There are 2 protein chains.
Amino acid sequence: MTNKKDSEAAFLAAYDPSQWPGVSLAVDVVVLGVVSGKLCVSLVKRTEMPQEGFFALPGGFVRGAESLEEAVARVMAEKAGAENVYAEQMYTFADAGRDPRTRVVSVAYLALLRGGLESPDVVLGQVKATWAGEEGGGVSVEVGGAAVELAFDHADIVGLALKRLRGKLRYTPVAYELLGEEFTLRQLQEVHEAILGRPVDKNSFRRSSLASADLVPMGRLEEDVPWRPAELYTYAERE
Amino acid sequence: MTNKKDSEAAFLAAYDPSQWPGVSLAVDVVVLGVVSGKLCVSLVKRTEMPQEGFFALPGGFVRGAESLEEAVARVMAEKAGAENVYAEQMYTFADAGRDPRTRVVSVAYLALLRGGLESPDVVLGQVKATWAGEEGGGVSVEVGGAAVELAFDHADIVGLALKRLRGKLRYTPVAYELLGEEFTLRQLQEVHEAILGRPVDKNSFRRSSLASADLVPMGRLEEDVPWRPAELYTYAERE
DNA sequence: TTAATAGTGTCTCTGAGACACTATGTG
DNA sequence: CACATAGTGTCTCAGAGACACTATTAA
């Protein structure tokens, strides 16, 4: 091993943080919601030079002593006053060359919000996967019925979010984040169908949902529907 | 919405990267391997002040225009001359306060290496999960039969790697990364058992392995074993 | 021949898709 | 009553655990 001395020196050198040029830290948030049976993502229109005019994911730089989660919460609050949103880290993009001055490290988060997020700054785009199951890949997004192109690689990031969400749907109770405190099994099924992008058998869905035992019947029925009202359920282990 | 002007201003301000203090970018690598049926992780002994003397994950700062993957590859090469290693991003830790001078953003990677990684700088620690299935949580690590405490939150990061690996084992051909080009079904099963931490039924394992159709029989048998030799297989879609 | 492992046959259980059915609310 | 949806019964099939069995090789 002739490179032992070299690697030793490199190792020690690498542990001096001030030697390396600093980078900027940012978060981008994929906010997903189900609106009338459609999976939607929140988008902002870029008002500055790189990719100006394109739709992009909401995001921002991480401030001072803020944690990543705090930065995500702040971005959500600033853009639409949304508080206490489920958010989960997905992937970190750190390729050099995004910004000519400093390297920008961007941590992508997946957030789920009941009914989607919409505000003066934020529009909802409908997500259409070009792939089935959990293959993964980019997605196409429509705003007001017309296909739009997302800035940077944000279409791939939305695709990553959708892939992650489909995976989590199987073995974690994540769909409840997209519903209110009380919901019917049909509403829960609609959320699943919107995320999976395919119809789901009613009976199979009921069986597996009720068997998982984190659904609690409220003993009350939904109201103001022009057909037979269904039992209301809630999720047992919200914390 | 009285906060519209505020959020607008914050939005614009946030897009000036030079305004925010820079951070240092580092990678930590969980190198896992299976050595004689045991799941092992590569560790280095810290030689500098914070947590000096504790075992820690190998890692280092990202240099100049290096990508994260290049930094991981460099760390692997420096520590043990390992090239072309499977590596996958896991999670990014960015809590302030790790280093008093600058904020250190550390991106944790999972790497898989045949036979584990060992060198003058690196020791192998045996990983023992204190949890079953895919619950997740920290792990305990033994070096030379004695339990050791890992530096920082590295025990949790190893636990995260194990959880991720167990999950991927179900639906991706990741176990092949821990074997040579040619292997018997028993060797493949041993890798699975080491990762899952439990015995696996031989017949079920064979059936599902052969059904997945990315195993190709070589038409040759293993040699130099003091019992009936088994068919050698290789993985079909290495790229 | 014996020992040890390679490799197979088959029963069972479970979870999910398919689909027809009954029940019960609104109008 | 009609109608639309809530909710159920049941057949089937695929995948996996359990386990006993046969096959083949080294010594």
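Nothing here was measured: the structure is a model prediction, and the numbers come from that model. Each chain gets a letter, A, B and so on, in the order its sequence line appears, and its residues count up from 1.
- A salt bridge does not link B/Glu70 with B/Arg74: none of the charged nitrogens is closer than 4.0 Å to a carboxylate oxygen.
- At the phosphate of C/dA6, OP1 or OP2 sits under 4.0 Å from a side-chain N or O atom of B/Arg186.
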Practice task
Using the side-chain hydrogen bond (donor to acceptor under 3.5 Å, both in side chains) rule, take A/Arg207 and A/Ser204 through it: C-alpha gap first, then chi angles, then the decisive distance, then the call.
Solution key: CA-CA 5 Å; A/Arg207 262 181 303 173; A/Ser204 297; 3.3 Å; yes

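- Rounded to whole angstrom, the span from the CD atom of A/Glu222 across to the P atom of D/dA4 amounts to 17 Å.
- The CD atom of A/Gln126 sits 8.0 Å away from atom OG of A/Ser36, with the distance rounded to the nearest 0.5 Å.
- Checked against side-chain hydrogen bond (donor to acceptor under 3.5 Å, both in side chains), A/Arg198 has no partners two or more places apart in sequence or in another chain.
- If you find the closest nucleotide of DNA chain C to A/Pro229 and to B/Pro226, the one lying nearer the 5' end belongs to B/Pro226.
- Put simply, CG on B/Leu188 is 15 Å from C1' on C/dA6, counting in whole angstrom units.
- Following rounding to the nearest Å, A/Gln189 (CD) and D/dG7 (C1') show an atom-to-atom distance of 12 Å.
- Between B/Tyr171 atom OH and D/dA16 atom P there is a gap of 15 Å when expressed in whole angstrom units.
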Practice task
Do nucleotides 14-22 of chain C as a string where each nucleotide becomes B, S or -: B if the base has a protein heavy atom under 4.0 Å, S if just the sugar-phosphate does, - if no protein is that close.
Solution key: --BBBB---

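- Judged by the 6.0 Å and 45° rule, A/Arg166 forms a cation-pi pair with A/Trp131.
- Atom CH2 of B/Trp227 is separated from atom C1' of C/dG7 by 16 Å (rounded to the nearest Å).
- Whole-Å rounding puts the B/Glu223 CD to D/dA26 P distance at 10 Å.
- Taking atom CZ on B/Arg220 and atom P on C/dA6, their separation rounds to 17 Å, with Å as the unit.
- Between B/Glu231 atom CD and C/dG7 atom C1' there is a gap of 11 Å when expressed in whole angstrom units.
- By the side-chain hydrogen bond (donor to acceptor under 3.5 Å, both in side chains) test, B/Glu222 pairs with no residue at all, sequence neighbours left out.
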